[in-house]
Structures are given as C-alpha cells and as structure tokens.
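Note that the structure is a prediction, hence the values are computed from the model and not measured.
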Amino acid sequence: MPQLAQQPRLQYVYDFATLDSVPEAPTSAMVAARRLLSGPTLATGKSSTVGAVLSGCHIILTLGTQARGTGANAHTHPNEQFNYIVQGIMTGEQGGERIFAPRGTVLYTPGGIVHTGLACPEEDLVFLALKDTRHGITGPSVSGKYEGPNYLAGFGTRSGERMKSTAELIAESGRDPEGEKTRYVYDFARLEIKPGRAASAAVTPQVIPAASDAKGALLTGEKLHVALLRYPRGGSARIQSHRNEQFTFVVEGTLRAEIAGDEFVVGRHCIAHIPPGVPHRLAADGGGDALVVTAQDARYAFAV
C-alpha cells in the first residue's frame, strides 16, 4: 500500500537573524524578507529603518534597526504602534513633544499622531515595532517628500554640524513639567501614574496569568495589548487557547513552546506566532528565566 506523503510542519517560530529571505516551508504568518522599509534606497525613502516584516491577521511587526544618528522623518499612519526598545535609545518628536525611549521601555504611538524616530548618537538602535493591521508597517511622509532619512547633527546630510551627545540632547529638550505633556514612554519597572500627566495607553501594573507562572505588566492601546512578561526557570504551564492572535518575542533567555501539538525552541530575539484559537503553552527553557514581549489583539481580554 503506498504511503501518503507527510505534510511539512507549519512554521510558527521565526528567527529574525535568518529572515533575509522568505522561508520555503508553510508559515503561520506572512513573511516579507529583511529590507529597507520606507523605499528601495536610502535616497528615495523617508527612513533608515531596516527589518523583516511578519503579518498576522490582526498584528503586523518588524524587528527594526537604525544606524546611530539616523531615523525616520515626520510621518503618520492610522494604525497604532508600540516600539519595545531592544538596544540603544530612540529619540524624536511625537505629537509635538520631544521623547527619549531607552532600552527596555515601550514607546507608544496612538494612531494618527505625527512623529519622528531616530537612533541616538552613541549606538545603533534595535526595536520591536508592533502595529495593528489597519495599515501597513510604514506610514506616509507628512511633507510628501521622500529624499532620504532623518539625521541628527553630525550625521548624513548634517555631517557638517557638531554632533551632540544624548545627554546634551536630553538637556536641550528641557524639563518635563506636570500637566503639560502626554506620557508616551513606558518603563515597566515604573508604571505608576505621574500626577498631572495624561496617559496615552491603559496600564495594568500586574498581569495575573491563568495558564502559566509568568509575571509582568500590560499596556493596552486602541487595538493591541502589549505585555512584558518573565517566565521563571522551572515554571509550569498548561495547554490553553484564546480568541486573540498572539506574537511572543524573546528578549532574554529561551522559551519552550508547544503550538498546535508541535514543540519548538524559541531563542533570544526570535518570535513565536500563535494564531487565534490554536492550542499552545509556553515555559522557560534551559537554566534561567525567559523575558518576553507578548502582543495580542485587543478584541478580547489579554490572556496568558
């Protein structure tokens, strides 16, 4: 009796380091290979951001990189955006306010807000950009011009100007008076509300998991939930499923994932995609904790 050909296993885990080409195996999310995101060349785009793009049914994302001193010109898009800073410091303007988002924080941009984003002078920037699918991964330039990236003094088209340190840029931006600004940058270690400040996202300081030992905090925007969670070494987890789509990005450590009956290892700076309704469980793998960023669409309550 002839044997049926075995169907290839669906890919649910993605390594950004190898996404320079589209995977040949069937994938749970649509994959666009690593490229310059805002145009075919630096000279014909509006940003220096490079990254591979994953698109689910409700969430689109990239692990973006910007060379130090470079970034995106003023632009906007109807979908909201959460940037988790993996390396470096992001600066720019958002809603007319100067922002600085260091490593480990989340910069939240509501839909429709005019903003810029650049890597500070001392270090290249790496950030996980998470958006809802009302629009694509990039938005149009406010000026309508696509003549190259935004530059800080001392870089690119501004190379003739004196380069300023991040400390100088922060000092120039002035103090942060109460009642005059909206909070766009969130440090998960300090999520308490600052008096007189308007929060751009809803804050849940403590997530109470139903299916794992993970602990962390949650931000909720217009269409997305974004949490920073720590899975403890030796922690337990049970199989669950939920109606939200989920992407889980590993910041530190390693995750052991069971998704749709298959087992995967999710290493540092890799991401697991869990479509709505797919049974799964996640736990720390190896000798230490796993720190992750988990995004879910906000059609339903956050579940972990």
When you measure from the side chain of [X] to the backbone N and O of [Y], does any donor-acceptor pair fall under 3.5 Å?
| X | Y | result |
| --- | --- | --- |
| Asn244 | Pro275 | no |
| Gln87 | Arg103 | no |
| Thr248 | Ala272 | no |
| Asp289 | Arg233 | yes |
| Arg299 | Arg243 | yes |
| Tyr186 | Ala201 | yes |
| Thr204 | Gln206 | no |
| Gln246 | Pro276 | no |
| His225 | Tyr300 | yes |
| Asn83 | Leu107 | no |

Is [X] salt-bridged to [Y], cutoff N-O under 4.0 Å?
| X | Y | result |
| --- | --- | --- |
| Glu80 | Arg134 | no |
| Glu263 | Arg281 | no |
| Glu123 | Arg68 | no |
| Arg256 | Asp285 | yes |

Report whether [X] and [Y] are members of the same hydrophobic cluster (ILVMFWY, side-chain heavy atoms less than 4.5 Å apart, transitive linking).
| X | Y | value |
| --- | --- | --- |
| Val126 | Val106 | yes |
| Leu37 | Ile60 | yes |
| Phe249 | Leu282 | no |
| Leu218 | Leu191 | no |
| Met163 | Ile170 | yes |

Considering only heavy atoms from C-beta outward, does the side chain of [X] approach that of [Y] to under 4.5 Å?
| X | Y | value |
| --- | --- | --- |
| Tyr14 | Leu19 | yes |
| Phe247 | Ile274 | no |
| Ile259 | Val278 | yes |
| Val293 | Val251 | yes |
| Thr254 | Val266 | no |
| Leu54 | Val31 | yes |
| Thr220 | Val203 | no |
| Asp297 | Lys223 | no |

Report the distance from atom [atom1] of [X] to atom [atom2] of [Y], rounding to the nearest 0.5 Å.
| X | Y | atom1 | atom2 | result |
| --- | --- | --- | --- | --- |
| Lys46 | His75 | NZ | NE2 | 4.5 Å |
| Ser55 | Met30 | OG | CE | 4.0 Å |
| Asn73 | Ser38 | CG | OG | 8.5 Å |
| Glu97 | Ile99 | CD | CD1 | 10.0 Å |
| Leu219 | Phe302 | CG | CZ | 10.5 Å |
| Glu122 | Thr166 | CD | OG1 | 3.5 Å |

Can you check side chain to side chain contact (heavy atoms under 4.5 Å, CB included) on Leu125 and Thr65, steps first, answer last?
-> CA-CA 5 Å; Leu125 180 70; Thr65 61; over 6 Å; no
Closest approach of [X] and [Y], non-hydrogen atoms and distance?
| X | Y | answer |
| --- | --- | --- |
| Ala295 | Leu130 | CB-CD2, 3.9 Å |
| Pro121 | Ser165 | CG-C, 4.4 Å |
| Thr62 | Ala52 | OG1-O, 2.7 Å |
| Leu36 | Leu42 | CD2-N, 3.4 Å |
| Ser141 | Tyr146 | N-OH, 2.9 Å |
| Pro102 | Ile89 | CA-CG1, 4.0 Å |

For Glu172, does the CD atom sit with more than 12 other heavy atoms under 6.0 Å from it, leaving out its own atoms?
-> yes
So with a 6.0 Å cut-off around CZ of Arg268, is the heavy-atom count from everything else above 12?
-> no
Worked check of side chain to side chain contact (heavy atoms under 4.5 Å, CB included) between Thr27 and Tyr12 = CA-CA 6 Å; Thr27 57; Tyr12 290 102; over 6 Å; no
Show the numbers, then the answer: is there a side chain to side chain contact (heavy atoms under 4.5 Å, CB included) between Val304 and Ser212?
-> CA-CA 7 Å; Val304 64; Ser212 75; 4.3 Å; yes
Ring center gap for [X] and [Y] short of 6.0 angstrom:
| X | Y | value |
| --- | --- | --- |
| Phe16 | His269 | no |
| His273 | His280 | no |
| Tyr108 | Phe82 | yes |

Any chance you could lay out the side-chain hydrogen bond (donor to acceptor under 3.5 Å, both in side chains) test for Asn79 and Gln81, step after step, and finish with the verdict?
-> CA-CA 7 Å; Asn79 48 351; Gln81 179 170 346; over 6 Å; no
Residue pair Leu228, Leu291: steps toward the side chain to side chain contact (heavy atoms under 4.5 Å, CB included) verdict | CA-CA 7 Å; Leu228 184 68; Leu291 182 67; 3.9 Å; yes
Report the C-alpha separation of Asn150 and Thr116 in whole Å, then their side-chain angles, then the decisive distance to 0.1 Å, and conclude whether the side-chain hydrogen bond (donor to acceptor under 3.5 Å, both in side chains) test is met.
-> CA-CA 8 Å; Asn150 200 350; Thr116 64; 4.6 Å; no
With no hydrogens and no angle check, do the side chains of Asp213 and Ser236 hold a donor and an acceptor under 3.5 Å apart?
-> yes
Please step through side-chain hydrogen bond (donor to acceptor under 3.5 Å, both in side chains) for the pair Tyr151 and Ser48, ending with a clear verdict.
-> CA-CA 9 Å; Tyr151 293 103; Ser48 64; over 6 Å; no
For Gln296 and Thr294, what are the C-alpha separation, side-chain angles and deciding distance, and is it a side-chain hydrogen bond (donor to acceptor under 3.5 Å, both in side chains)?
-> CA-CA 7 Å; Gln296 295 178 3; Thr294 288; over 6 Å; no
